[in-house]
Number of protein chains: 2
Amino acid sequence: MKLSQSEENYIKSIYNLQSKTEKVNTNSLAAFLDTSAASITDMLKKLKSKNLLEYKKYYGFRLNGAGNKQALKIIRRHRLWEFFLVSKLDMEWEKVHDIAEELEHVSSAELIEKLDRYLGNPKIDPHGDPIPDEKGVMPVLKQIALKDLPHKRNAVISSVSSQTPQMMEMLNHYGIKIGSPIKVLKSFVFDGSLQVKIAKQPECIISGLAAQNIFVYDT
Amino acid sequence: MKLSQSEENYIKSIYNLQSKTEKVNTNSLAAFLDTSAASITDMLKKLKSKNLLEYKKYYGFRLNGAGNKQALKIIRRHRLWEFFLVSKLDMEWEKVHDIAEELEHVSSAELIEKLDRYLGNPKIDPHGDPIPDEKGVMPVLKQIALKDLPHKRNAVISSVSSQTPQMMEMLNHYGIKIGSPIKVLKSFVFDGSLQVKIAKQPECIISGLAAQNIFVYDT
DNA sequence: TTTAATTTTTAGATTTGTCTAAATATTTTT
DNA sequence: AAAAATATTTAGACAAATCTAAAAATTAAA
C-alpha cells in the first residue's frame with residue numbers, strides 16, 4: 001500500500017501517542033501535530049477507509065494490526081536514517097531528527113534493507129530508541145547500569161540518570177553520547193572505576209559513581 | 001527559497017531540455033514530464049512569478065540565472081545520492097535513478113555538504129554524469145581514451161564506444177562499469193595492452209583494442 | 001438532571017497541482 | 001494571403017490536505 005507523506009506522518013504520530021495512552025483522542029493528536037481538530041477528523045476517515053485504524057465517532061481511535069505494521073515500517077526508516085546521519089555523516093544527534101523526518105518517506109524496500117546492512121543492522125538509534133527489524137519487530141534490549149556491564153561486551157550508551165551540570169561536563173569531556181558504542185576493558189575493585197573504550201575515542205577511566213549513573217544496552 | 005517537489009521537478013526537467021535545445025517549448029516539456037500542456041502553462045506562471053524563468057507567452061521559455069542555480073542544486077543532490085547508493089549501498093547503477101529522484105528533494109544544505117565530504121567529493125555519478133560542486137559549478141572533465149591515460153593517474157570510466165555483445169561480455173567479465181575508478185599500472189609496448197586496477201577488483205590485463213574503446217575522465 | 005463546558009464532527013472555503021475541453025495564437029501549407 | 005494544422009493558453013473542474021466557524025455529541029458541574 002502506497003501512502004502519502006501526510007498519511008505516514010499521521011500514522012507515526014498516532015503510534016507514538018498510543019504508546020503512552022490506550023486510546024488516542026482527536027485533540028491530543030491535533031496538539032501533537034500542531035494542526036486543527038477538523039484536519040484530524042478528515043484524515044481519520046481516510047485512514048479508516050484504508051483499514052489502518054479502529055475509529056468510532058466521538059470514541060477515540062487506535063491503529064489496528066495493519067496500521068501498526070505501517071507505523072513500524074516508517075519508524076524503522078526514520079531511525080535507520082538517523083543512525084546513518086550520525087554514524088556516517090558525523091552530524092550531531094540533536095540535529096538529525098528533522099532531516100530523518102524527510103528521508104523516512106522514501107519508501108523503497110531495497111534501499112532500506114541495503115542501508116540496514118550497510119550500517120551493520122543497528123539495534124538502537126542515536127537517541128537511544130530501538131530500531132524495528134525488517135519484519136517490524138522491535139528488538140528487546142535490556143538496559144543495565146554501566147557498572148554491571150560484563151567486560152569486553154559490546155554495548156551502547158542508552159541514557160544517563162543524573163543530569164547535573166557537573167555530570168554533563170564530564171560526559172562532554174569523555175564524548176559520551178546516547179548511542180555511542182562502549183566497551184568495558186577493565187574494572188578496579190578498589191573504587192569501582194572502569195577503564196572503557198567509547199566510540200573511536202582513546203580509552204579512558206570512568207569513576208564508579210559515574211558508572212552507576214550511565215546506562216547501556218547490552219546488545 | 002523553498003520549492004515544492006513539483007516545482008523542483010519542473011526546474012530540473014527544463015534544465016535538462018535546455019541543454020539540448022535553445023528555448024524549451026510547452027509541448028516538449030509536457031511530453032518529457034508525461035503531463036498535459038495546460039499543467040505546464042500553470043507551472044510556468046508560478047515559476048515566472050518566483051523569478052526563476054524567462055517566459056513570454058507563446059514564445060517558449062528558459063531558466064534565468066536564479067533558475068539555473070536552483071537546477072544545479074537539485075542535480076547535485078540527485079547525483080550525490082546516486083553515487084552513494086552505488087558506492088556505499090552497493091546497488092546497481094541501473095536501479096538507483098528512481099530512488100535518487102525521491103532523495104533529491106530533501107533539501108538540507110548541511111546534509112548535502114556532509115554527504116559530499118563523506119563520499120570523497122566525487123566528480124561524476126555512476127552514470128558518468130558530472131556532479132556540480134557546492135557553488136553549482138559543473139566540473140570540467142576531459143574525457144580521454146584509456147590507452148592515453150598516464151600511469152598511476154586516478155581516473156573514472158566514463159563511456160565505451162563499441163557496444164557489441166563481444167565487447168559487453170568482456171566488460172562484464174572485468175567488472176568495468178561507468179563510474180568505476182580505474183588506474184593504469186603498466187603498459188606493454190608490444191601490443192598496447194595495459195595492466196589496470198578497477199575499483200576493488202584484482203588487477204587485470206586489458207588489450208590495446210579494448211583500451212582504445214574505453215574512455216575515462218582524467219580527474 | 002438540567003446546564004455549562006469541552007470535545008468532536010460537519011460544512012464550506014482555500015491552496016496546490018492536476019485534468020479536459022474550448023478558445024486563441026502561431027506556423028505551415030496551398 | 002487565406003485556410004489548415006499545430007501549439008499554447010484560458011476556463012472551469014477535481015482531488016488532496018488544509019483551514020475557520022458553526023453544529024452536534026459527550027462529559028462535567030451545579
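As the structure is a computational prediction, the values presented were derived from the model and not from experiment.
At least one test fails for Lys88(A) against the ring of Phe84(A): distance under 6.0 Å to the centre or angle within 45° of the axis. Geometrically, Lys12(A) does not engage Tyr15(A) in a cation-pi contact, judged by NZ or CZ lying under 6.0 Å from the ring centre and within 45° of the ring axis.
Computed from coordinates, the Lys23(A) NZ to dT26(D) P distance equals 14 Å when rounded to whole Å. Distance Lys56(B) NZ to dT8(D) P: 15 Å, rounded to the nearest Å. Atom pair Asp42(A):CG and dA13(C):C1' shows a separation of 12 Å (rounding to whole Å applied). Spacing between atom CG of Leu44(B) and atom P of dT9(D) amounts to 7 Å, rounded to whole angstrom units. If you take CZ of Phe61(B) and P of dA7(D), they are 14 Å apart, rounded to a whole angstrom. Rounded to an integer number of Å, the gap from CG of Leu33(B) to P of dC19(C) is 10 Å. Whole-Å rounding puts the Asn27(B) CG to dT24(C) C1' distance at 15 Å. Atom CD1 in Ile40(A) sits about 15 Å away from atom C1' in dT10(C), given to the nearest Å.
Set against dT10(C), dA7(D), dT18(D), the side chain of Asn25(B) has dA7(D) as its closest nucleotide. Picking from dT9(D), dT10(C), dC19(C) the nucleotide with the shortest atom distance to the side chain of Thr41(A) gives dT10(C). Closest to the side chain of Met43(A), from the set dT18(C), dT26(D), dT18(D), is dT18(D). You'll find that the side chain of Ala38(B) is closest to dA21(C), out of dT20(D), dT18(C), dA21(C).
In this structure, Lys23(B) contributes its side chain and Gly60(B) its backbone to no donor-acceptor pair below 3.5 Å. With hydrogens and angles disregarded, a donor-acceptor distance shorter than 3.5 Å links the side chain of Ser158(B) to the backbone of Phe215(B).
The phosphate of dT18(D) has OP1 or OP2 within less than 4.0 Å of a side-chain N or O from Ser6(A). Taking 4.0 angstrom as the limit, Lys45(B) places a side-chain polar atom (N or O) nearer than this to OP1 or OP2 of dT10(D). Between Tyr10(A) and dT18(D) there is a side-chain N or O to OP1 or OP2 distance below 4.0 Å.
Residue contacts shown for Tyr55(A) are limited to sugar-phosphate atoms, with no base heavy atom under 4.0 Å away. Across all strands, Ser36(B) comes closer than 4.0 Å to base atoms (heavy-atom distances).
In this structure, the side chains of Asp116(A) and Pro122(A) come closer than 4.5 Å at one or more pairs of heavy atoms.
Between Thr35(A) and Ala37(B), the residue anchored nearer the 5' end of DNA chain D, judged by the nucleotide with its closest heavy atom, is Ala37(B). When each of Lys57(A) and Thr26(B) is assigned the nucleotide of DNA chain D with its nearest heavy atom, Thr26(B) is the one assigned upstream, toward the 5' end.
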